[in-house]
Trainee: 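Please see the structure below; I have some questions.
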Amino acid sequence: MDYNFKEIEPKWQKYWEEHKTFEAVTGSSKPKFYALVEFPYPSGAGMHVGHIRAYSGLEVVSRKRRLEGYNVLFPIGFDAYGLPTENTAIKTGVHPRKVTDNNIKKFTEQLKRVGFSFDWSRVVDTTDENYYKWTQWIFLKMFENGLVFRDKTLVNYCPSCKVVLSNEDSQGGKCDICHSDIVQRTKEVWYLRITEYADKLLQGLEEVNYLPNVKLQQQNWIGKSTGAFVNFTVKENGETLRIYTTRPDTLYGVTFMVIAPEHPMIEKHRANISNIAELDAYREECGKKSEFERTQLVKDKTGVKIDGLTAVNPINGKEIPIYISDYVMMGYGTGAIMAVPAHDSRDYDFANKFGIDIIEVIKGGDISKEAYTGDGEMVNSGPLNGITNKKDAIEKALAILEEKGCGERGVQYKMKDWAFNRQRYWGEPIPIVHCPHCGIVPVPYDELPLRLPPVENFEPGEGGESPLAKIDSFVNCKCPKCGADAKRETDTMPQWAGSSWYFLRYCDPNNSEALASEESLKYWMPVDWYNGGMEHVTRHMIYSRFWHKFLYDIGVVPCPEPYAKRTAQGLILGPDGDKMSKSKGNVVDPNDVVDVYGADVLRIYVLFMGDYEQAAPWSDNGIKGCKRFLDRVWALSDKLVDGNEYRPELMTAMHKTIKKVSGDIEAMKFNTAIAAMMSLVNVIYEVGSVNHAEYKTLLTLLYPFAPHAAEELYSSLFGTVLSNQSWQEFDETKTVDDEIEIVLQINGKVKEKIMVPAGLGKPELEAIALESERVKALTDGKTVVKVIAVPDKLVNLVVK
RNA sequence: GCGGGCGUGGCGGAAUUGGCAGACGCGCAAGAUUUAGGUUCUUGUGUCAUUGACGUGCAGGUUCAAGUCCUGUCGCCCGCACCA
C-alpha cells in the first residue's frame with residue numbers, strides 16, 4: 001500500500017463531513033465534553049503554523065474523548081470585527097464586509113486542509129447581524145442594570161489608529177493594535193463598570209482549574225489592595241482632602257501631601273493659591289508626557305508646592321504642606337496621597353529633593369540612608385507607640401480614625417472600568433440614542449439588531465469621531481421614548497465585545513429568540529477545557545468572565561464561571577528563534593507544509609517540536625523526522641500477521657504505550673506521547689512483525705494526532721472506520737516487565753547492571769547484590785558499612 | 001522595584017515520590033542498497049582518557065544517592081509597574 005497523503009487526506013475530510021462525524025448533539029445522553037479554542041481573527045495574511053499548534057492540543061483531546069464515548073462540542077468561528085480589516089478596506093477600497101468574507105473563506109480552507117475535527121455546523125461570525133444582535137442585546141442588558149455609563153475623563157488614545165483604548169488595550173503605554181505610543185486625552189466615552197465585578201472575578205478564580213500563572217496574572221491585573229481612606233482637611237477653607245493608603249499605621253509619619261496634577265482641587269481653589277501660574281506651567285508640562293513616560297519609575301521626582309493651601313493631619317492636628325507631582329496618578333485611589341518619606345521610597349526621594357522633614361515612626365532601618373519599609377516597633381506615634389506588629393498597628397490606627405470619624409477601611413483595585421468604544425466603522429454599533437429631551441436612551445430590544453449601515457468612506461474623523469457620524473441616515477432618528485428628533489450614538493464597540501460571549505453562542509448558534517436556548521446552555525456549559533494564548537489572559541479572559549458573570553447574575557446562563565479549565569500553548573518561533581512576524585519574513589505558512597508533507601505530518605510536528613506550553617523554534621529538519629515516523633507506521637502494513645491478542649514479546653510494550661499516550665494527552669505532554677509511539681514502532685520493527693491487535697492499538701493511539709493516515713490504514717485493513725471505534729484500555733499489571741534491570745552501585749557509582757525478577761523485596765535484592773562477582777571483587781578487603789536496596793531500581797553499597 | 005518562569009549534548013528537547021542523566025527526534029560519521037543524487041536499512045554518536053574519570057549556568061550545603069531539596073550567585077525570558 002502506498003502512503004499517498006494527497007489522496008488520502010481530502011478523502012477522509014470529505015468522509016467526516018458527509019457523515020457528520022464531529023457534529024455535537026445537544027441533549028445527548030452521552031457525557032458531554034466542551035473543548036474550546038480561541039477563535040481566530042481572520043486576517044488577510046491567512047493562518048500561520050502558530051494557529052495550527054494552538055488548535056492541535058484540544059484537537060487531540062477531542063478526538064480521544066469521542067473514542068472514549070463522550071458527546072464532544074469542539075467548535076470554531078471567527079472574531080472578525082477589528083481595525084486591521086478596516087485598514088485594509090481603507091487602503092484597497094474593498095468593503096470590510098467583502099474583506100472579512102474573503103479572509104474567513106481563506107481561513108476555513110486552511111483549517112479544513114489540516115483536518116481539524118471542528119463541528120462546522122456551528123461556525124459563528126461575530127460580524128454576522130444574527131450574532132451581533134445578541135452582542136448588542138447584552139450591552140442593553142448591562143445598560144439596564146447600571147453597568148454602562150459615560151464619563152468625560154482622561155482616556156488612552158492612539159493617534160495612529162485614531163481610537164480610544166481601554167486600559168487592557170494600552171498595556172505598557174503602547175497601542176495593542178499598532179504598538180505606537182499612547183497619549184492621554186480628555187474625552188467623553190462609554191465605560192462598562194467592570195470594577196463592580198472585581199471581587200467576583202477574583203473570588204471566582206478559586207473555583208476554576210487554570211494554570212497557576214494564568215490565575216496569578218489575573219489576580220495581579222485586578223490588583224486588589226486593602227487599606228483605608230483618610231480625610232485630611234484643608235486649613236484655609238475647611239474642605240476635605242481625601243486620600244487612600246495601605247499604611248494607616250504610618251499616619252504619624254506624614255510630613256506632606258501630594259496630589260495628582262489633574263486633581264480637581266486645584267481648579268476649585270484657584271483663588272486661594274498664590275503660585276497658580278507656576279502650578280499651571282507644571283501641569284501643562286505633565287500633560288505633554290506620554291502615559292509611558294509618566295509611569296516610568298524615576299528617582300528624580302518633580303513637583304511644585306501649592307502656596308496658600310495647608311493640610312491638617314486628622315490624627316494629630318499637624319499642619320503640613322501640599323504638593324502637586326506627577327508621581328501621583330489621578331486614576332488610582334483618590335488622586336491624592338499622604339506622604340510618609342521615612343517608610344516609602346518614592347516619598348523619600350521626593351522629600352529629599354524638596355527638603356521636607358522625614359519622621360521615623362517604625363524602628364528597624366536607617367532613614368538617613370533610605371526609606372525603611374520593613375516591620376518594627378512603632379515610635380513617635382502617640383497611642384501607637386510600642387506596637388511591634390504591623391497588623392496590630394494598622395488595626396489600632398483604623399480604630400482611632402473611625403472613632404474620630406475621619407477615615408474608614410477601604411479597598412482599591414488596579415483594574416479600571418472598561419473604556420468600551422471605538423471611533424471606527426468596523427464594529428458593533430452601540431445601540432444608544434441621544435435625545436435632546438430624554439438624554440441617553442437605549443434602543444428598544446425589538447429594534448435589534450441595530451445594523452451597521454453600508455458606507456463608502458470608512459476614514460475615521462480627525463477630531464476622533466467615528467465614520468458613522470458622517471452618515472446622516474444612520475445618525476438622525478427619532479427618540480424611542482418621546483419621538484422627538486434625536487441622534488444615534490456613532491461609536492462602535494471595541495474588538496473584544498464579540499469574543500466576550502462567543503462560547504455561549506456555540507451552544508445554539510442559530511437561535512433567533514435568545515443568545516442561546518436555556519436548554520443548550522444548561523447542557524453544554526461550562527466549557528470543560530479552554531486553551532489559548534497567554535496574551536489573552538488579562539484581556540479577553542477577564543472581559544469574557546465579566547460578561548459571563550453578569551449574565552449569570554441576571555439569570556441568562558446557568559453557571560457562575562464560563563471556563564472550568566484553562567491552559568495555554570507556547571508560541572512557534574521562526575527558524576531563527578525570533579517571534580514569527582511578517583516584517584522578519586520568518587513566517588511559516590501551513591499550506592506550504594501540507595503541500596510537501598501532508599496535514600498529518602504537520603499536526604504531529606507542531607506537537608512534537610517541544611513542550612506544548614513552551615515556545616519552540618520551527619525547524620525544517622525536525623519535521624522530516626515526523627514524516628519518517630509516519631512512513632514507518634505506514635510500512636508496517638506490509639509486516640502484518642494474524643493474531644487478535646498481543647503477543648508476549650510486545651505485551652508490556654503495548655500496555656505501557658497505551659498508558660503513556662493516554663496520560664500524556666491529558667497532561668498536554670504531546671511531545672512525549674509521540675515519542676512513546678515512536679519507541680513502540682521501533683520495538684515492533686525489532687520484533688519484525690505486527691499482528692492485528694497490535695496494529696489496531698497503534699493506529700488508535702495515533703488517530704488523534706494523524707487521523708487521516710490512521711483512518712486509511714484501519715479501514716483498508718480491518719474494514720471498519722476508526723472514528724467509530726473505542727479508545728484503547730491498558731492493564732496496569734501488564735505495564736511492568738517480569739524481569740527488571742537493576743543497578744548495583746558502590747558508594748553511589750554504578751558498577752553493574754543485572755536482571756532480576758520484578759517485585760523483589762529488599763532482603764532478596766541485598767543478597768543478590770552481595771553475591772555478584774563484580775561486587776565481590778570490588779569490595780574485597782573492604783567493609784560494607786551499609787546496604788540500601790530500592791525495589792525494582794537499585795542497590796547501593798556503602799563501602800569503606 | 002514587584003511577581004512568575006527558565007538555564008541539561010552540535011540542535012529541539014526527555015527524566016512521578018531524590019534512585020542508571022541525555023528518552024524520542026534532528027544533525028553528524030561509517031557501512032549496505034542505488035548508475036548517481038535523494039529515499040530506505042544497519043551501526044555508532046555527552047566530554048576527556050590506553051582499563052577510568054568528569055559531566056545538568058556558577059559556588060557551597062544536606063544525603064548512601066541531587067538535574068531534582070537547601071543557601072548564595074550569575075545570566076536569560078515573560079508579565080505588571082511611581083498602585084500610595
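Letters A, B, ... are given to chains in the order of the sequence lines, protein chains preceding strands, and every chain is numbered from 1. Values in this document were obtained by computation on a predicted structure and should not be read as measured data. Below, all heavy atoms of this structure are taken into account, side chains as well, without hydrogens, waters or symmetry copies.
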Trainee: Which nucleotide, in any strand shown, forms a Watson-Crick or G-U wobble pair with B:C58, with both distances under 3.5 Å?
Mentor: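 Paired with B:C58, as far as the under-3.5 Å criterion goes, is B:G72.
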Trainee: Within the 4.0 Å heavy-atom criterion, would you say A:Q614 contacts the bases, only the backbone, or no part of the nucleic acid?
Mentor: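 Nothing: the residue A:Q614, judged by heavy atoms under 4.0 Å, touches no strand.
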Trainee: So do A:M580 and A:W618 actually touch side chain to side chain, heavy atoms under 4.5 Å?
Mentor: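 When only atoms from C-beta onward are counted, A:M580 and A:W618 do touch, with a gap below 4.5 Å.
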Trainee: Return the nearest nucleotide to the side chain of A:A616; candidates are B:G13, B:G4, B:C24.
Mentor: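 Between B:G13, B:G4, B:C24, the one nearest the side chain of A:A616 would be B:G13.
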Trainee: Does the structure show a Watson-Crick or G-U wobble partner for B:U63, both distances under 3.5 Å? Name it, or say none.
Mentor: none
Trainee: Reckon A:Q412 touches a base, only the sugar-phosphate, or nothing at all at heavy-atom distances under 4.0 Å?
Mentor: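 Contact class for A:Q412: none.
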Trainee: Decide, for B:G9, between syn and anti: a glycosidic angle within 90° of 0 counts as syn, anything else as anti.
Mentor: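 B:G9: syn glycosidic orientation.
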Trainee: Side chains of A:Q412 and A:Y332: donor-acceptor distance under 3.5 Å anywhere?
Mentor: no
Trainee: Do the side-chain N and O atoms of A:S170 and A:N156 include a donor-acceptor pair separated by under 3.5 angstrom?
Mentor: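 A:N156 and A:S170 do have a side-chain donor-acceptor pair below 3.5 Å.
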Trainee: So does A:R628 get a side-chain nitrogen or oxygen closer than 4.0 Å to the phosphate oxygens (OP1/OP2) of B:G25?
Mentor: no
Trainee: Without decimals, in angstroms, what is the distance between A:K751 NZ and B:G19 P?
Mentor: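 These atoms are roughly 21 Å apart.
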Trainee: For a quick check of understanding: with a heavy-atom distance under 4.0 Å over all strands, which category does A:V798 fall into, base, sugar-phosphate or nothing?
Mentor: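 Sugar-phosphate: the residue A:V798, judged by heavy atoms under 4.0 Å, touches backbone atoms but no base.
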Trainee: Heavy atoms under 4.0 Å, any strand shown: does A:L216 hit a base, just sugar-phosphate, or nothing?
Mentor: sugar-phosphate
Trainee: Scan every strand shown for a Watson-Crick or G-U wobble partner of B:U16, both distances under 3.5 Å, and answer none if you come up empty.
Mentor: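 Looking at the geometry, B:U16 pairs with no nucleotide.
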Trainee: Rounded to the Å, how far apart are A:K627 NZ and B:G25 P?
Mentor: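 Roughly 17 Å, once rounded to whole Å.
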Trainee: What's the gap between B:C28 and B:A65 when it is taken at their C1' atoms, as a whole Å value?
Mentor: 35 Å
Trainee: Of the candidate nucleotides B:G4, B:C64, B:A23, which contains the atom at the shortest distance from the side chain of A:T672?
Mentor: B:A23
Trainee: In whole Å, what is the span from the CG atom of A:L573 to the P atom of B:C77?
Mentor: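 Whole-Å distance recorded here is 13 Å.
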Trainee: Base, sugar-phosphate or nothing for A:S679? Non-hydrogen atoms, less than 4.0 Å.
Mentor: sugar-phosphate
Trainee: Say whether A:Y413 and A:D199, considering side chains only, have a donor N or O and an acceptor N or O under 3.5 Å apart.
Mentor: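 The criterion, which ignores hydrogens and geometry beyond distance, is satisfied for A:D199 and A:Y413.
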Trainee: Between A:M678 and A:V790, name the one whose nearest nucleotide on RNA chain B is closer to the 5' end.
Mentor: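 It is A:V790 whose nearest nucleotide is closer to the 5' end.
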Trainee: Indicate whether the side chain of A:E168 and that of A:W496 have a donor and an acceptor atom separated by less than 3.5 Å.
Mentor: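 No, A:W496 and A:E168 have no side-chain donor paired with an acceptor closer than 3.5 Å.
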Trainee: Does A:N671 have a side-chain nitrogen or oxygen under 4.0 Å from the phosphate oxygens OP1 or OP2 of B:A14?
Mentor: yes
Trainee: Check the distance between B:A84's C1' and A:F350's CZ and give it to me in whole angstrom.
Mentor: 14 Å
Trainee: Going by purine N1 to pyrimidine N3 plus the second Watson-Crick contact, or the G-U wobble pair, all under 3.5 Å, which nucleotide sits opposite B:A36?
Mentor: none
Trainee: Quick one: A:N682 CG to B:C41 C1', roughly how many Å, whole number?
Mentor: 13 Å
Trainee: Atom CD of A:E613 and atom P of B:C6: how far apart are they, to the nearest Å?
Mentor: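 Taking atom P of B:C6 as the reference, CD of A:E613 is at 11 Å.
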Trainee: If we count only N and O atoms by modelled type, under 3.5 Å, do the side chains of A:E38 and A:H540 hold a donor and an acceptor together?
Mentor: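 Judged by distance alone, the side chains do not pair up.
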Trainee: Choosing from B:G13, B:G25, B:G4, which nucleotide comes nearest the side chain of A:F608?
Mentor: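 Closest nucleotide among those given: B:G25.
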Trainee: For A:D176 and B:G79, give me the distance from atom CG to atom P, rounded to whole Å.
Mentor: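 For the pair A:D176 CG and B:G79 P, the rounded distance is 11 Å.
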Trainee: Would you mind classifying the nucleic acid contact of A:D611 as base, sugar-phosphate or nothing, using non-hydrogen atoms under 4.0 angstrom?
Mentor: sugar-phosphate
Trainee: Using a cut-off of 4.0 Å on non-hydrogen atoms, how would the nucleic acid contact of A:N621 be classed: base, sugar-phosphate, or nothing?
Mentor: sugar-phosphate
Trainee: Using the side-chain heavy atoms of A:I788, tell me which of these nucleotides is nearest: B:A53, B:A23, B:G19.
Mentor: B:G19
Trainee: Taking atom P of B:G79 as reference, at what distance in whole Å does atom CG of A:L571 sit?
Mentor: 10 Å
Trainee: Between B:G19, B:G4, B:C82, spot the one nearest the side chain of A:N213, thanks.
Mentor: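 The answer is B:G4.
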Trainee: Considering only atom P, compute the distance from B:G7 to B:G57 and round it to an integer number of Å.
Mentor: 8 Å
Trainee: Is B:C41 paired to anything, Watson-Crick or G-U wobble with both distances less than 3.5 Å, and if yes, which nucleotide?
Mentor: B:G31
Trainee: Heavy atoms only, 4.0 Å cut-off, all strands: where does A:K215 land among base, sugar-phosphate and nothing?
Mentor: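 Counting heavy atoms under 4.0 Å across all strands, no contact is made by A:K215.
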Trainee: Would A:R632 pass as a cation-pi partner of A:Y685, given that its NZ or CZ must be under 6.0 Å from the six-membered ring centre and within 45 degrees of the axis?
Mentor: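 Output yes; distance and angle both within limits.
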